[in-house]
**Student:** 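Have a look at this one.
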Amino acid sequence: MDRSLLFDIDGTLVDSAKAVVANWSTVASRYGVDADAILRVCHGRRDEDVVPEFFPPEAVASVLREMADLALSHAELVSPIPGAVAALNTITDGTWAVVTSGSRALMTSRMRGAGLRIPSVIVAAEDVRHGKPDPEGYLLAARQLGVAAASCVVVEDSPAGVAAGKAAGAAVVALATTHAPDSLTQADVVIDDLSELNRAIGCLPALSGAASSGHEGRAGAGGQNSRHSGH
């Protein structure tokens, strides 16, 4: 494969839905906040970006600490997304990375808990100033792999993550695990299962000369979307 792969973690490689619901529900109940409202918008975003939208300014720091503690205590409430183990086992070391809105400690624990390989490049919440949908994380991961973002394929499950990948100039394959396909139409290809990933990548346009030569750029969020079926 001539493209490096940049994966999101939660909802893409790891099913952490039970942990996410438990954590936000616990903290929201303590502060009288609507947990359902948080859960509708939190996926794929950093806690640092979500908490100020729902909690008073004077509570933000303590809520973030509580969320970090709860997340680590519930790190075992995870399982691999179907097809994740097999998909990662086919990738050569040094040609893939993960870009996550969670902390490095938490995401490493979740990947290990799900029985997944850990890549050499991890871009976590603490590594960037701006979280998804900003492309900073994906641009940083590509640089650390020594490739142009435009030569990469981003694999994501959330609209915020898809937007980040497209803004980085990468091709994006969206996995319809946590969001309906019609909310992921910004992606180049939408799939139902990671077993379809290689075929989906094969459907992407060939790399341009600029991408192959390592010129990095930020692309617009357009592009043609296709629904890929593995059946």
Side-chain angles (χ1 to χ4, degrees), residues 5-31 33 35 38-55 57 59-81 84 88 96-145 154-165 167-168 175 177-178:
L5 298 178
L6 310 178
F7 290 90
D8 173 53
I9 297 180
D10 283 336
T12 301
L13 296 175
V14 172
D15 182 353
S16 57
K18 290 181 180 178
V20 170
V21 171
N23 298 342
W24 281 116
S25 297
T26 298
V27 173
S29 67
R30 290 177 184 167
Y31 290 86
V33 174
I38 298 174
L39 291 167
R40 282 193 291 270
V41 301
C42 70
H43 199 80
R45 301 173 62 200
R46 300 185 304 172
D47 290 352
E48 292 91 331
D49 299 323
V50 175
V51 169
E53 295 180 9
F54 295 93
F55 295 84
V60 167
S62 61
V63 171
L64 288 172
R65 284 194 297 271
E66 289 181 53
M67 283 295 296
D69 292 342
L70 283 168
L72 285 171
S73 69
H74 291 158
E76 77 284 356
L77 295 178
V78 300
S79 59
I81 290 289
L88 295 185
W96 69 292
V98 291
V99 179
T100 174
S101 297
S103 71
R104 184 180 302 272
L106 173 61
M107 292 298 106
T108 301
S109 294
R110 283 184 177 170
M111 290 189 73
R112 287 190 177 126
L116 299 176
R117 290 171 61 195
I118 308 296
S120 58
V121 173
I122 300 174
V123 176
E126 60 265 38
D127 299 318
V128 299
R129 293 183 60 190
H130 305 288
K132 303 170 187 177
D134 191 277
E136 181 180 353
Y138 282 117
L139 292 171
L140 177 57
R143 285 198 299 273
Q144 291 186 1
L145 287 175
V154 165
V155 187
E156 269 281 0
D157 70 300
S158 71
V162 169
L175 185 63
T177 50
T178 61

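Each residue takes its place number in the sequence, starting with 1.
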**Student:** Can you tell me how far CZ of R117 sits from CG of L13, rounded to the nearest 0.5 angstrom?
**Tutor:** 11.0 Å
**Student:** Salt bridge check, R129 against D134: does any charged N sit closer than 4.0 Å to a carboxylate O?
**Tutor:**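 Looking at R129 together with D134, the answer is no, because their closest N to O distance does not fall below 4.0 Å.
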**Student:** Identify the heavy atoms of A125 and S103 that sit nearest to each other, and give their distance.
**Tutor:**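 Heavy-atom minimum between the residues: CB-N, 4.3 Å.
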**Student:** Kindly indicate whether the side chain of H130, heavy atoms from C-beta on, has any atom under 4.5 Å from the side chain of D49.
**Tutor:** no
**Student:** Determine whether V20 and L39 make a side-chain contact, defined as any pair of heavy atoms from C-beta on separated by less than 4.5 Å.
**Tutor:**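 Counting from C-beta outward, V20 and L39 do come under 4.5 Å.
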**Student:** Considering only heavy atoms from C-beta outward, does the side chain of V98 approach that of M107 to under 4.5 Å?
**Tutor:**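 With C-beta onward as the side chain, the pair stays apart.
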**Student:** Taking all non-hydrogen atoms of both residues into account, name the closest pair between V78 and A114 and its distance.
**Tutor:** CG2-N, 4.1 Å
**Student:** With side chain to side chain contact (heavy atoms under 4.5 Å, CB included) as the test, would you mind laying out the steps for F54 and V27 before giving the verdict?
**Tutor:** CA-CA 11 Å; F54 295 93; V27 173; over 6 Å; no
**Student:** Evaluate the side-chain proximity of Y138 to V128: yes if any heavy-atom separation is below 4.5 Å, no if none is.
**Tutor:**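 Result no, sub-4.5 Å side-chain heavy-atom pair not found.
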**Student:** How long is the span from the CG atom in L139 to the CD atom in Q144, to the nearest 0.5 Å?
**Tutor:** 11.5 Å
**Student:** If you look at every heavy atom in P135 and A168, which pair is closest and at what distance?
**Tutor:** CB-N, 3.5 Å
**Student:** Is a donor on one side and an acceptor on the other found under 3.5 Å between the side chain of S25 and the backbone of A22?
**Tutor:** no
**Student:** Would you give the length of the straight line joining atom OG1 of T100 to atom CZ of R46, rounded to the nearest 0.5 angstrom?
**Tutor:** 11.0 Å
**Student:** Taking all atoms of both residues into account, what is the closest heavy-atom pair of A164 and K132, and its distance?
**Tutor:**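 Closest heavy-atom pair between A164 and K132: CB-CG, 4.0 Å.
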**Student:** For a 4.5 angstrom cut-off between non-hydrogen side-chain atoms, does V14 reach F7?
**Tutor:**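 No, side chains not in contact.
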**Student:** Do H43 and D157 have side chains that get closer than 4.5 Å, going by heavy atoms?
**Tutor:**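 Result yes, sub-4.5 Å side-chain heavy-atom pair found.
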**Student:** Rounded to the nearest 0.5 Å, what separates atom CG in D10 from atom OG in S101?
**Tutor:**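 Rounded to the nearest 0.5 Å, the CG-OG separation comes to 8.5 Å.
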**Student:** Would you say V154 and L6 make side-chain contact, with heavy atoms under 4.5 Å?
**Tutor:**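 A side-chain contact under 4.5 Å exists here.
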**Student:** Contact between V50 and F55 at the side-chain level, heavy atoms closer than 4.5 Å - yes or no?
**Tutor:**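 A side-chain contact is absent here, since even the closest heavy-atom pair is not under 4.5 Å.
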**Student:** How many angstroms lie between atom CG of L106 and atom CE of M111, to the nearest 0.5 angstrom?
**Tutor:** 12.0 Å
**Student:** What closest approach, in Å, do L145 and W96 show between heavy atoms, and which atom pair accounts for it?
**Tutor:**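 The answer is CD2-O, 3.7 Å.
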**Student:** How far does CG of D69 sit from CG of L64, to the nearest 0.5 angstrom?
**Tutor:**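 Reported to 0.5 Å precision, the distance equals 11.0 Å.
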**Student:** With respect to L140, which candidate in V99, V123, V121 satisfies the side-chain contact (heavy atoms from CB on, under 4.5 Å) definition?
**Tutor:** V123
**Student:** Which heavy atom of G11 sits nearest to which heavy atom of L175, and what is that distance?
**Tutor:** O-CD2, 4.0 Å
**Student:** I'd like to know if the side chain of S16 and the backbone of A19 have a donor-acceptor N/O pair within less than 3.5 Å.
**Tutor:** no
